[in-house]
Amino acid sequence: MTQGGTTPTNFIRNIIDQDLKSGKHQSIHTRFPPEPNGYLHIGHAKAICLNFGLANDYPNGHCNLRFDDTNPLKEDADYVVAIKEDISWLGFKWHGNIHYSSDYFDKLYNYAVELIKNNKAYICELNTQQTREYRGTLTQAGKDSPFRNRPISENLALFAKMRAGEFEDGAMMLRAKIDMASPNIKMRDPVIYRIRFAHHHQTGDKWCIYPMYDFTHCISDAIEEITHSLCTLEFEDHRPLYDWVLANISINAKPRQIEYSRLNLQYTITSKRKLSALIDEGIVTAWDDPRMPTISGMRRRGYPAASLREFSKRIGVTKQENTVELASLEACVRENLEENSPRAMAVLDPIKVIISNYNENKNEQLTAPCHPKDEHMGTRILPFSGEIYIDRADFRETANKKYKRLVLNKEVRLRNAYVIKANEFKADENGNITEVYCTYDDQTLGKNPSDGRKVKGVIHWVDATKNSAAEFRVYNHLFLLDNPAAANDIQDVINPDSQVIKHGFVEMSLGDALPEKVYQFEREGYFCADNKDSSSDSLVFNRTIALRASM
RNA sequence: UGGGAUAUCGCCAAGCGGUAAGGCACCGGGUUUUGAUCUCGGCAUUCAGAGGUUCAAAUCCUCUUAUCCCAACCA
């Protein structure tokens, strides 16, 4: 399958098609509702592609960005900034202004009052412990709160006082009056407002009571005239409550909540709480550490936005629990990069090669294509002198025929340059090779040896006199286990080699490599300059992903 | 007898009563100045299991089994 093209159908599209066909809706309106309490990760990327993708694919479709900010204790304006950037980078535009659930705090308050007036909500003074006891268990019905039958007038007065700040945190709460015996625990008089003397990043100190998710989300959807409110499976039990709230207040719009299964990805964790812990414990450096499955981490690492969109398209949308293999994501990244990244050469673990028959005054400027198949990418200049660097792994004193690189007394092709032959080498006292002495065949530039002898291998190289020194950060799985969430202690399954630092050289043309621009370092993999730590004075390249390896 | 959901190839996933799409992975052949790419070929007589309805069932019915979610004043 080539990247791009149309999105395969799924059960949500089928529902939308029916709604459009039946005339229930003329167009669709979705929303992406992140809570600004952390950075967006690959799971959110799926949700973003789903919601914004739907809006893009249907005529007159719209998708709102709404920050679900009803818990000031956990949220922060910094996250709002990062989330907006991530969505834009992923390639999506939200409809109109950015929305916040907190925009609706006044309306929400009034709807709560309406519920009270209709005897559908009451002020409860049970403490946390008591509330839990009264709620019952999975198999036992709950029992009514002693405050359940408070007169409406008293509820109204108490709620007003709650808002006025006359009670302490946790002293009381507003509860919907539904059914303490419901088999669905979510319907056992759920809390809809709590007291929190906390500063809110959007509303400041205006409020000391904050609405709960279940009360807020459905009303926010209705206010924004969302037609299809998509969320993950764990909210299935909340749907009756979502519908109950909208049915019991004077609001016309009746958005439909549809649940789909969240994405699980091998070797990664998609829990903001756990990702946050990785940072706190110093296992990674930040939310955008290239090892993080966050959108900003993947961006920093070099994953193209288009490959994330393609991935989200390939995994589909269903209600089945799933764990996608990492290889599936990586295939999308490689497919994109193979086509779009310019080629270059870099040596990560250098040993010097001295070409003894090369005239030391003959400094050549070789020309090499930036892409083997796309000539529009142009060419670049490769300085070539008598001294070059090759990778330590590309030379052996002896080797079997499967080894297609440089071997003592044998020949190898230098990529984009000449065929060389190794004649001798030097090693230090530990046996580590320090220098290899070669001779080159000056008749092999751009052509095979004229006498017909076959040169089996091709290795990459960097000129030893004109180049840029660079640090390479080679990334591997952050976790040793494909299902790290199952570990008792996450510390036990951290891969100690999730980041391996190497120092070597890149070809001269890479001296001013732009951050996040990905190159294929031939035979090594895809790399991009780090968007935080790299500068032209001190280059730092992140390995986006290795080349597919087969041998 | 708490409630809610899900079961199609190793991993995703189409399929919606007419006789198992596709992608990833994997296994072979070819091309190649990247052990990359590209390319050609292979990869579910079977749809969690057992019954039943039907000319015909992955699709309808019944029962069984397995797995996931729910008892925050989180979202």
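Order of the sequence lines sets the chain letters (A, B, ...), proteins ahead of strands, with each chain counted from 1.
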Could you go through nucleotides 38-44 of chain B and list every protein N or O atom that sits under 3.5 Å from one of its N or O atoms, giving the distance for each pair?
residue, atom, partner, partner atom, Å
B:C38, O4', A:Lys373, NZ, 3.0

- If you look at every strand shown and take non-hydrogen atoms under 4.0 Å, does A:Thr70 touch a base, only sugar-phosphate, or nothing? sugar-phosphate

- Task: Remember a base hit wins even if backbone is also touched, and classify A:Tyr193 as base, sugar-phosphate or nothing at under 4.0 Å, heavy atoms.
- Result: nothing

Listed partners of [X] passing salt bridge (charged side-chain N to carboxylate O under 4.0 Å, His left out), at least two apart:
{"X": "A:Glu522", "value": "A:Arg415"}
{"X": "A:Arg239", "value": "A:Glu259"}
{"X": "A:Asp17", "value": "none"}
{"X": "A:Arg148", "value": "A:Asp144, A:Asp189"}

Partners passing side chain to side chain contact (heavy atoms under 4.5 Å, CB included) against [X] (at least two apart in sequence or in another chain):
{"X": "A:Ser312", "value": "A:Cys49"}
{"X": "A:Pro372", "value": "A:Arg343"}
{"X": "A:Asp237", "value": "A:Asn184, A:Lys186"}
{"X": "A:Asn10", "value": "A:Ile12, A:Arg13, A:Val317"}

- Task: Between protein and nucleotides 11-18 of chain B, map the contacts as a letter string: B base, S sugar-phosphate only, - none, heavy atoms under 4.0 Å, written 5' to 3'.
- Result: SSSSSB--

- Message: From C-beta outward on A:Leu138, which listed nucleotide comes closest to its side chain: B:A75, B:A71, B:G4?
- Response: B:A71

- Query: For A:Gln266, what residues pass the side chain to side chain donor-acceptor pair (under 3.5 Å) criterion, not counting sequence neighbours?
  - Reply: none

- Item | Within residues 441-457 of chain A: residues closer than 4.0 Å to RNA chain B (heavy atoms) | A:Thr444, A:Leu445, A:Gly446, A:Lys447

